[in-house]
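Contents: one structure, followed by commentary.
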Amino acid sequence: MDVVTNIFVGLHIIGIASLLGGFLTQMKAMGAGTARFVPAMLHGALTMLVTGIVLVGLNQAQDHPLNNIKIGIKMAVLVVILALVYVKRDDEQIAKPLFGAVGGLTMANIFIAVLWT
């Protein structure tokens, strides 16, 4: 069971990398006002959502203690990110504050995962 959990942790990290990487590749365009949400950002957020739900289920199946408040906050932040990226995915240009908010929320989600013990 640990191998399956570790595989999903790896997939979750790949989702984070895709979302954050898509944001970082558009940073120069954000400065010029032409940033857009690339498909990698949407796919990364969806990957994070699915693998996160699976990880919670796997941990509950093994009777590991879970911090439900932390998981709920991370899920809420991810749903906001996913909603913003999904709704604006076809727009040619995204406003700087909105694009920056997605990057900031992504980094906040990473720090919640790492620092909240």
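Not measured: the values here are computed from a predicted model.
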(message) For Thr47 versus Thr51, what's the shortest heavy-atom pair and its separation?
(response) O-OG1, 2.7 Å
(message) Asp2 vs Gln62, test: side chain to side chain contact (heavy atoms under 4.5 Å, CB included). Steps then yes/no.
(response) CA-CA 10 Å; Asp2 288 338; Gln62 295 176 337; 3.8 Å; yes
(message) I want to check something: taking the side chain as every heavy atom from C-beta on, are Trp116 and Ile73 in contact at a cut-off of under 4.5 Å?
(response) yes
(message) Is there a continuous path of hydrophobic side-chain contacts, each under 4.5 Å between heavy atoms, that joins Val38 to Leu20?
(response) yes
(request) Indicate the atoms forming the closest heavy-atom contact of Leu82 with Ala45, along with that distance. (result) CD1-CB, 3.6 Å
(message) Tell me whether Leu19 shares a hydrophobic cluster with Val87, the cluster being built from Ile, Leu, Val, Met, Phe, Trp, Tyr side chains joined at under 4.5 Å.
(response) no
(message) Between His12 (side chain only) and Met48 (backbone N and O only), is there a donor and an acceptor less than 3.5 Å apart?
(response) yes
(request) Compare all side-chain heavy atoms of Met75 with those of Ile53 and state whether any distance is below 4.5 angstrom. (result) yes
(message) Counting C-beta onward and ignoring hydrogens, is there a side-chain heavy-atom pair between Ile94 and Met30 closer than 4.5 Å?
(response) no
(request) Drop me the distance from Leu46's CG to Tyr86's OH, to the nearest 0.5 angstrom. (result) 9.0 Å
(message) Starting from Val56, can I reach Phe8 by hopping between I/L/V/M/F/W/Y residues whose side chains sit under 4.5 Å apart?
(response) no
(request) Nearest 0.5 Å please: distance from the CD1 atom of Ile81 over to the CG atom of Leu49. (result) 11.0 Å
(request) Could you tell me which non-hydrogen atom of Gln93 sits nearest to which non-hydrogen atom of Thr34, and how far apart they are? (result) NE2-CG2, 3.8 Å
(request) Examine distances only and state if a side-chain atom of Asn109 and a backbone atom of Leu105 form a donor-acceptor pair shorter than 3.5 Å. (result) no
(message) Please give me the minimum heavy-atom distance between Lys70 and Ile112, naming the atom from each residue.
(response) CE-O, 3.5 Å
(request) Check Phe99 against Arg36 and note the closest heavy-atom contact, atom names and distance. (result) CE1-O, 3.5 Å
(message) Tell me if a side-chain donor or acceptor on Thr5 pairs with a main-chain N or O of Met1 at a distance below 3.5 Å.
(response) yes
(message) For Ala40 versus Ser18, what's the shortest heavy-atom pair and its separation?
(response) O-OG, 2.6 Å
